[in-house]
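Quick notes on the structure that follows.
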Amino acid sequence: MIDKIYSYIKDKRHTNIFFTVLGALIFAIIPLFTDVEASYLIYFLFLTFIHIVIAQGWNLIAGYAGQISLGQNAFFGLGAYTTALIWLHDITKTGYYFDPVVMILSGLAPVVLAIIIGIPLLSRLRGDYFAFGTLGIGQIIIVVFLKARAITGGADGLHIPSTVYESMMPYYYTGLLLALFAIAVVYFITRSRIGFALRAIREDEMSAASHGVFILKYKVLAFAVGAFLAGIAGSLYAYYLFHINPDSVLNMNWLFYPILMCVLGGTGTIMGPVIGAFFMTAIFSFGDVYFAQTHPIVSGVLIILVMKFMPTGIIGLKDRILSRGK
Amino acid sequence: MNLILTLRVLVNGVLFGTTYGIAAVGLSLIFGTMRIIFFAQGTFIIFFAYISYWLLTLLGIDPYLSLIIVIPASMLLGSALYYGIFKEAAANEDKNISLLLAIGLMYLMENFMLVVWTPDPRSVVTSYTTLVFRPFGIVIPFTRLTTLFIAVLTAAGVFIFLKKTLIGTAVRAASEDVVSTTLMGINPNWVNAVAFAIGIGLAGVAGVALATIYPFDPSYGFIFAIKALIALALGGIGNVYGALLGGILLGLIESLGSFYVGGGWADAISYGVFLLVLIFRPQGLFGGSIKKA
Amino acid sequence: MDSSNVVLRLDKICKSFGGLQVLVDLDMNVERDEMLGLIGPNGAGKSTVFNVITSIYRPDRGDIFFLGEKITGLAPHKVCHRGISRTYQLVKTFLKMTVLENVMLASVYGGKHPDKGTMERALETLELVELTPRKDILATHLTLSNRRLLEIAMALASMPVLTLLDEPMAGLTTVEIHKLLEVIKRARDERKFSIIWIEHRVDAILDFCDRVVVLDYGVKIADGKPDEVANDPKFIEAYLGEPAA
Amino acid sequence: MANQLLEVKSVDVFYGDVQALWEVSIQVEEGTIVALVGANGAGKTTLLKTISGINSAARGEILFSGEHLENLKPQNVVDRGIMHVPEGRRLFANLTVLENLRLGAYVPRARPFFAESLERSFTLFPVLQTRKNQKAGSLSGGEQQMLAIARALMGRPKLLMLDEPSLGLSPIFVKTIFELISTLNEQKATILLVEQNINQALKIAHQAYVLKTGKIVMSGAGNELLADEEIRKAYIGERVGRRQR
């Protein structure tokens with residue numbers, strides 16, 4: 001029996017699933033042994049889960065489809081604002097905390113934006129040029145939100161009544177579920193026939209097209225799914241913050257965090273962003289506690305060092321050590 | 001007097017746009033030789049604005065005089081950055097890595113400035129900060145005029161360097177075909193380092209110029225990087241002369257946009273123009289088409 | 001002209017790059033199940049012909065008809081769906097995907113086929129090029145010759161009506177070339193499709209092709225049976241330069 | 001043997017896993033024209049690139065006036081006195097003719113002689129003088145080839161390597177280019193020439209090497225090889241050039 005399980009795990013295709021399920025189980029029971037309302041660990045993990053969701057979104061578009069997006073902060077912020085607006089105006093009439101309908105809508109709003117912007121950008125621009133094109137999406141959204149003061153509250157933003165807050169518990173489990181969902185979405189997309197197309201596009205667009213792949217369709221698809229994941233991450237964050245404004249949910253950290261996490265862990269791999277999210281959140285949290293002011297400098301140095309010395313990330317490090325042994 | 005008002009808006013646009021222009025020329029040079037957009041350019045501009053601020057407040061050195069220190073220092077820093085950080089990535093021709101390196105550098109610099117200078121806006125105040133000329137009722141602040149003067153001088157200097165010197169010609173050649181330049185005996189690292197030195201040197205000039213005009217804070221670097229990028233796209237990526245014109249054009253667009261549509265919208269408008277240009281005229285508004293070798 | 005048997009027709013195709021005329025009023029036909037050799041010196045415009053047919057370039061003038069329908073300016077993936085597949089001079093397999101994944105990509109996206117599933121087609125095509133034992137290794141670990149075979153398998157996995165082979169023998173050793181020729185022969189016997197074949201190894205073209213077209217400076221200078229072409233002085237001159245003395 | 005300027009000894013070159021050159025050895029005697037001929041993909045360009053340092057040799061030695069070149073970067077090879085005119089010329093199209101020439105004399109060894117070299121180039125190619133302020137991209141193909149050669153001469157090479165100088169040129173210009181190569185040689189230039197125009201190349205070459213799939217298969221004096229029936233086989237195969245079957 002144990003042999004069977006062992007050989008099942010050894011099979012490369014199952015390793016990721018096994019560790020994800022194992023990790024999920026461990027994280028699922030952690031709250032049973034800790035004081036959820038007071039523990040820093042719970043807050044740390046909650047933050048990590050949000051980071052995993054947005055990182056997987058970037059991973060799909062940049063890591064698998066090879067199109068570097070510098071607009072994830074726009075999608076994250078749009079998701080957060082959507083949640084806040086629906087909540088405040090009780091548009092869905094459901095009105096309870098962590099309403100799945102609200103969260104899905106908060107994912108879909110960025111999808112619409114991603115499609116509207118993605119089709120012209122992705123059909124005309126390649127490589128760097130696409131990255132530039134996405135760079136200002138966040139800025140334009142900020143301007144729009146600042147100007148639409150009647151709806152968005154301008155620079156002050158929106159306040160969700162924080163009286164509904166009862167416990168950290170639902171945050172933790174929703175975060176865990178969303179992180180698993182994000183991993184699963186990217187995993188199944190990349191394992192499906194769509195994944196073939198994305199990987200082929202990343203390697204050689206021209207060749208992919210001459211084998212019958214409709215390049216634009218799959219690039220836009222990856223961009224939209226990445227936007228969806230950023231949007232629901234933003235939604236969850238909005239529930240946590242209660243007060244959202246352009247400064248908190250549209251700032252450029254939300255553009256750089258997913259990149260940093262993917263690069264750190266290993267872009268274009270399923271577990272890379274997860275590992276990266278844990279590492280980055282740990283470093284940031286540690287920095288926040290012990291040297292609050294200077295820690296972003298450390299992370300800047302970290303990006304440079306990682307890109308210089310291990311451009312394939314932590315995941316790639318394993319392969320490099322193995323191949324050096326040969 | 002609507003005409004005078006319009007004129008004032010136009011003049012202001014040109015005066016401010018030249019700062020974008022110098023930044024964009026730097027971006028364009030680095031892009032030409034390395035094929036990367038150096039995102040940290042804007043952050044370095046702010047960094048040098050702070051340096052100029054420090055030189056004034058701590059040592060009492062006039063901002064314009066500080067250029068004598070800032071220009072060589074920034075050029076040195078530029079070449080050091082190339083050899084220290086970008087050299088391997090340039091040799092491997094891995095653009096994504098160079099791009100992420102630039103992002104990391106920008107992140108590092110911005111947060112460094114936050115720690116050293118805090119997020120509160122600073123401004124350089126001198127005896128001539130409030131000095132204003134009023135030819136024909138158009139208000140022209142002295143500092144903006146000086147900025148224009150410095151920008152024109154700097155741009156002319158760079159263009160002459162590119163046109164008249166052998167190494168400048170080599171930089172232009174490398175932006176067309178790097179392999180071919182090595183077959184002429186030109187060391188590609190040397191050319192890249194020169195491009196970086198001038199690029200960051202221009203950031204130094206732009207930083208000092210900016211410091212005399214506007215209050216600035218560390219986060220402004222990112223916005224400035226986007227502005228410089230927009231200027232670059234308007235002028236045609238890789239077109240050094242176009243970059244300066246693109247900057248001036250962007251200044252005009254912003255100035256007109258905020259006057260006629262309303263302040264705060266200017267960013268959205270210039271970004272909209274940028275997107276349209278990228279999509280429909282990726283070779284830029286000036287000059288011919290991009291030639292693929 | 002009886003055009004019922006013609007699968008591909010190029011009608012006065014012109015293409016120039018930056019003032020340089022690469023193809024000049026090119027007319028060319030390919031018949032059903034025909035193996036057409038396309039030869040000519042370096043820079044004659046052969047690969048451009050392929051890029052124009054597969055819509056990677058749009059011709060400046062002229063039209064392309066495939067199975068009687070105009071396909072000029074169609075998106076590249078749609079050209080593939082109509083039934084034209086190709087290989088590249090510099091092999092373009094997807095190095096970070098396994099051999100099977102490469103072929104699956106081609107069979108999944110190459111076009112719909114009612115009788116056969118995508119996996120079935122992929123495995124069958126791998127069998128055809130004798131790469132089945134290597135199906136689970138990454139393409140990057142294949143030798144050049146196997147990568148060429150893989151690319152041919154990818155071109156065949158979409159069950160094309162016409163396949164364009166761009167110098168499949170370049171860089172291969174004699175033994176590898178023999179295997180490649182064998183595979184192409186067998187594939188043709190089993191599947192029945194037309195081929196346009198660009199090759200520098202003129203002897204192979206003359207031995208294997210039903211008909212040969214010779215390009216020089218973008219102009220068609222010969223079109224006929226291999227034996228006729230081989231002894232055409234214009235052809236020899238295009239290849240060897242002006243006769244010495 | 002007299003003065004060997006360049007000696008390539010048993011060089012192996014790889015592109016990734018693929019071996020492109022197998023134990024290639026050639027010698028270039030000072031003051032001679034040496035031709036490298038062979039079909040496309042035989043490794044001629046690879047050999048030139050290996051000598052000029054763009055590719056690196058996995059094994060073997062490259063000696064230039066007795067000095068090792070194997071581990072030098074391209075710019076250092078140029079410094080030693082080898083100028084390489086690459087395939088497709090690779091001029092700086094947006095730079096003027098004069099600027100292109102100026103860069104040709106970039107190396108410290110040649111820079112002091114700029115004026116002298118320029119005069120010589122303009123004597124050899126009067127057309128370049130009339131167009132000296134025009135952008136290189138606006139020249140015709142033949143003029144561009146002249147500029148490419150002139151640019152290399154500005155570097156005062158001890159060895160000039162020309163990769164397919166006749167490629168893509170009209171027959172009249174091909175003739176001009178070959179005459180030019182002979183003239184240069186009469187003025188004591190040492191030239192390593194890669195050509196597909198085999199008849200012309202062998203006619204002017206003192207010594208020639210035939211490459212086939214990365215190996216030297218024949219060598220000898222140019223005019224001997226020209227008369228040799230075997231070379232046609234090595235080059236474009238068995239059947240070409242025979243009168244009747």
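Below, read A as the first sequence line, B as the second, and so on, with proteins coming before strands; counting in each chain starts at 1. Predicted model only: the values in this text are computed from it and were never measured.
Atom CG of Leu275(B) and atom OG1 of Thr134(A) lie 9.5 Å apart (nearest 0.5 Å). The line from CG of Asp267(B) to CG of Leu146(A) is 9.5 Å long, rounded to the nearest 0.5 Å.
Interface residue Leu135(A): backbone and side-chain heavy atoms are both found under 4.5 Å from chain B. Heavy atoms of Leu278(B) lying under 4.5 Å from chain A belong to its backbone as well as its side chain. For chain A, the nearby parts of Phe112(B) are the backbone and the side chain; heavy atoms of each come within less than 4.5 Å. Proximity to chain A is limited to the side chain of Met106(B), based on heavy atoms less than 4.5 angstrom apart. Of the atoms belonging to Leu105(B), heavy atoms from both backbone and side chain fall under 4.5 Å from chain A. Both the backbone and the side chain of Val301(A) have a heavy atom closer than 4.5 Å to some heavy atom of chain B.
Contacts of residues 41-48 of chain B with chain A at a heavy-atom distance below 4.5 Å are absent; not one residue qualifies. Contact annotation for residues 250-259 of chain A against chain B (heavy-atom separation below 4.5 Å, listed by residue number): Met252(A), Asn253(A), Leu255(A), Phe256(A), Tyr257(A), Ile259(A).
Across all their heavy atoms, Phe39(B) and Leu70(A) have their closest contact at CZ-CD1, 3.4 Å. Smallest separation of non-hydrogen atoms from Phe222(B) and Gln139(A): CE2-OE1, 3.5 Å. Closest approach of Ala268(B) to Val143(A), counting heavy atoms only: CB-CG1, 3.7 Å.
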Stepwise side chain to side chain contact (heavy atoms under 4.5 Å, CB included) test for Ile230(B) and Phe132(A)
CA-CA 9 Å; Ile230(B) 295 175; Phe132(A) 311 154; over 6 Å; no
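For Phe214(A), the CZ atom sits in a packed shell: over 12 heavy atoms of surrounding residues, nucleotides or ligands are nearer than 6.0 Å. A 6.0 Å sphere centred on NZ of Lys87(B) holds no more than 12 heavy atoms belonging to other residues, nucleotides or ligands. Enclosure of atom CH2 in Trp265(B) by more than 12 non-hydrogen atoms of other residues, nucleotides or ligands within 6.0 angstrom is indicated.
The choice from Ile137(A), Ile141(A), Leu305(A), Leu260(A) that makes the most heavy-atom pairs within less than 4.5 Å of chain B is Ile137(A).
Using a 4.5 Å cut-off on side-chain heavy atoms (C-beta onward), Ile279(B) and Leu121(A) make contact.
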